[in-house]
Chemist: 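For reference, the structure I am asking about is given below.
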Number of protein chains: 2
Amino acid sequence: MTNASSSSLPSDHQASLIDGKGFAAKMRQHIREDVLAFHEKHGVTPGLAVILVGNDPASEVYVRNKAVQTHHAGMRSFMHMLPENTSEAELLALIDRLNKDPEIHGILVQLPLPNGLDGRRVTNAILPEKDVDGLGEINAGRLAVGLPSLIPCTPLGCLLLLRDQLGDMKGQHAVVIGASNLVGKPMALLLLAEGCTVSIAHIHTRDTAALARQADILVVATGCRELVRGDWIKPGATVIDVGITRIKTDDGKTRLVGDVAFDEAVKVAGRITPVPGGVGPMTIACLLKNTLTAAKLQLEGSAE
Amino acid sequence: MTNASSSSLPSDHQASLIDGKGFAAKMRQHIREDVLAFHEKHGVTPGLAVILVGNDPASEVYVRNKAVQTHHAGMRSFMHMLPENTSEAELLALIDRLNKDPEIHGILVQLPLPNGLDGRRVTNAILPEKDVDGLGEINAGRLAVGLPSLIPCTPLGCLLLLRDQLGDMKGQHAVVIGASNLVGKPMALLLLAEGCTVSIAHIHTRDTAALARQADILVVATGCRELVRGDWIKPGATVIDVGITRIKTDDGKTRLVGDVAFDEAVKVAGRITPVPGGVGPMTIACLLKNTLTAAKLQLEGSAE
């Protein structure tokens, strides 16, 4: 297996596409049904509070999408849009109020925060059972030691796609490129918990291509567009591309590209997520899932 | 480098031994001096409470060694030896009392606990700033996201030996065999924070030898005696052997062996920890270090 070369593939080989968009749509439908059942049982509708500080245009788009999809899933959506000059004390006071509010089951602070606000302190102020982004220390710690936790949305989305595609991943070699707290590190811990052998590459890695070529499962989250070339991929591997960058094309338009050179990779990989339509739609679907999970934790004491 | 074979080493090659015993002795001396300086400054002597439940003979030896060395380092040592039939409520009440006791800066519950006591719940009851074993969720989470934390003693000991031997480890490929919460996982996160490319192998890994052969730094913590053979090691690699098993020899005596077949490995590795005298003595030295760190956290708000 390890020494297979791309010449072992037929010349017209095409990876099958992992349809994250379709999977996310099905997830949202299931969540909608679960939200109704939850309301039936408890007389309570899960509520998500999203806090945006400042006027970053990209963040405004993200936050609006989150609010709309929360609403579409039958949940209550609360937006808190605060001015750029909000003090940390004001922000922490708002989080404290939301922590105590029984109508709010999930709290999310859109990152990055404006200068002067400590993202770590703010994130950790959210009650662990309302921390639907899974970025607080308690959830990170529970994930690290293998306990149930609220899991960061993007790596959770990747995991759900992988489970759907591959089922049991025990013993497979998963290589994660990128070691961020948001994606790479929680992804590595999740794959470890699935029984994968896990390698983590990053900016200091000497020969990322050689490591990537060993991967049965390759997850790429670097923010470097088209970093991973076709010859970095082991024939038949499953490739999850978390990257998303908007580039200008020759005709003056723009298009989205990932961290994987898709046109090359599709000729070698066994399965691959496209960009757009792969991992992207899973992130918000997982936020909705986490909000429902958080509501169950708070009203039922467990999420099962 | 990657393709180097052992034939590139002279036939009489011998790895240099990493003297954990000597390093730990020096650490203890430094800690003793720091403890005196801390007392000078605050009029307070750091205190460590060790709790043992039941009569496991190996645990009794460990606990006694910890108490003696704490005392030798100039700190106050408090032993709490409870009977096998101690209830979880009683144990949690003791931890609560020690959490509130200003004379106690570190609390350690010797594991494993007797059946019926939930080790996870008990460990998490210790205040994070007194959790000198670093096993609670808050410290695990802080380690996972790269924040200062109280770090589990054995992986901390391995890290200090590696830093002393290698200095900057950025870009080196570290392979950790074993994925426990106690050693393997925190070790992997520590090496990642040093800038290493990190791979984690475990019971489900298909070809552990092939992965090990890529390691510039190989840390082995499996509990399988002499699992790692000479031909698993890249020539010149640094090998840290966390394992320790007592075996019977032909003459009816016993001796300690590690997870690495030492006689083979010493002919290939660049540096290697012996068993005994390698990692073992570092664990208690790091417990003393963590107790002093904990005292600084509590009296100075930081450990620097």
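Proteins come first, then strands; the chains are lettered A, B, ... in the order of their sequence lines, and each starts at number 1. In what follows, every heavy atom counts, from backbone to side chain, and hydrogens, waters and symmetry copies are set aside.
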Chemist: I'd like to verify something: which residue of B:Val176, B:Leu192, B:Leu143, B:Asp207 has the highest number of heavy-atom pairs under 4.5 Å with chain A?
Modeler: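 Of the candidates given, the most pairs with chain A belong to B:Leu192.
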Chemist: Looking only at heavy atoms and a cut-off of under 4.5 Å, which of B:Ala210, B:Pro186, B:Ser180, B:Ala144 has the most pairs with chain A?
Modeler: B:Ala144
Chemist: Highest number of heavy-atom pairs under 4.5 Å with chain B: which of A:Leu189, A:Asn181, A:Leu211?
Modeler: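 Of the candidates given, the most pairs with chain B belong to A:Asn181.
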Chemist: Pick from A:Cys196, A:Gly146, A:Ala201, A:Ala179: which one has the most heavy-atom pairs with chain B under 4.5 Å?
Modeler: A:Cys196
Chemist: Could you pull out the closest heavy-atom pair between B:Cys158 and B:Met187, with the gap in Å?
Modeler: CB-SD, 3.6 Å
Chemist: Check each atom of B:Leu147 against the heavy atoms of chain A and say whether the ones under 4.5 Å are side chain, backbone, both or neither.
Modeler: side chain
Chemist: Looking at B:Gly141, B:Ala140, B:Ala188, B:Gly171, which has the largest count of heavy-atom pairs under 4.5 Å with chain A?
Modeler: B:Gly171
Chemist: Look at the side chain of A:Asn290 and the backbone N and O of A:Ile151, then say whether any donor-acceptor pair between them is shorter than 3.5 Å.
Modeler: yes
Chemist: Could you go step by step and tell me if B:Ser199 and B:His173 meet the side chain to side chain donor-acceptor pair (under 3.5 Å) rule?
Modeler: CA-CA 8 Å; B:Ser199 297; B:His173 191 172; 2.9 Å; yes
Chemist: Side chains of A:Leu191 and A:Met169, heavy atoms from C-beta outward: is any pair under 4.5 Å?
Modeler: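 A:Leu191 reaches A:Met169 side chain to side chain.
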Chemist: Under 4.5 Å heavy-atom distance to chain A, tell me which part of B:Lys185 shows up: side chain, backbone, both or neither.
Modeler: side chain
Chemist: Spell out, as yes or no, whether a donor-acceptor pair under 3.5 Å connects the side chain of B:Glu137 to the backbone of B:Asn124.
Modeler: no
Chemist: Do A:Leu160 and A:Lys289 make a side-chain contact, defined as non-hydrogen atoms from C-beta onward lying under 4.5 Å apart?
Modeler: yes
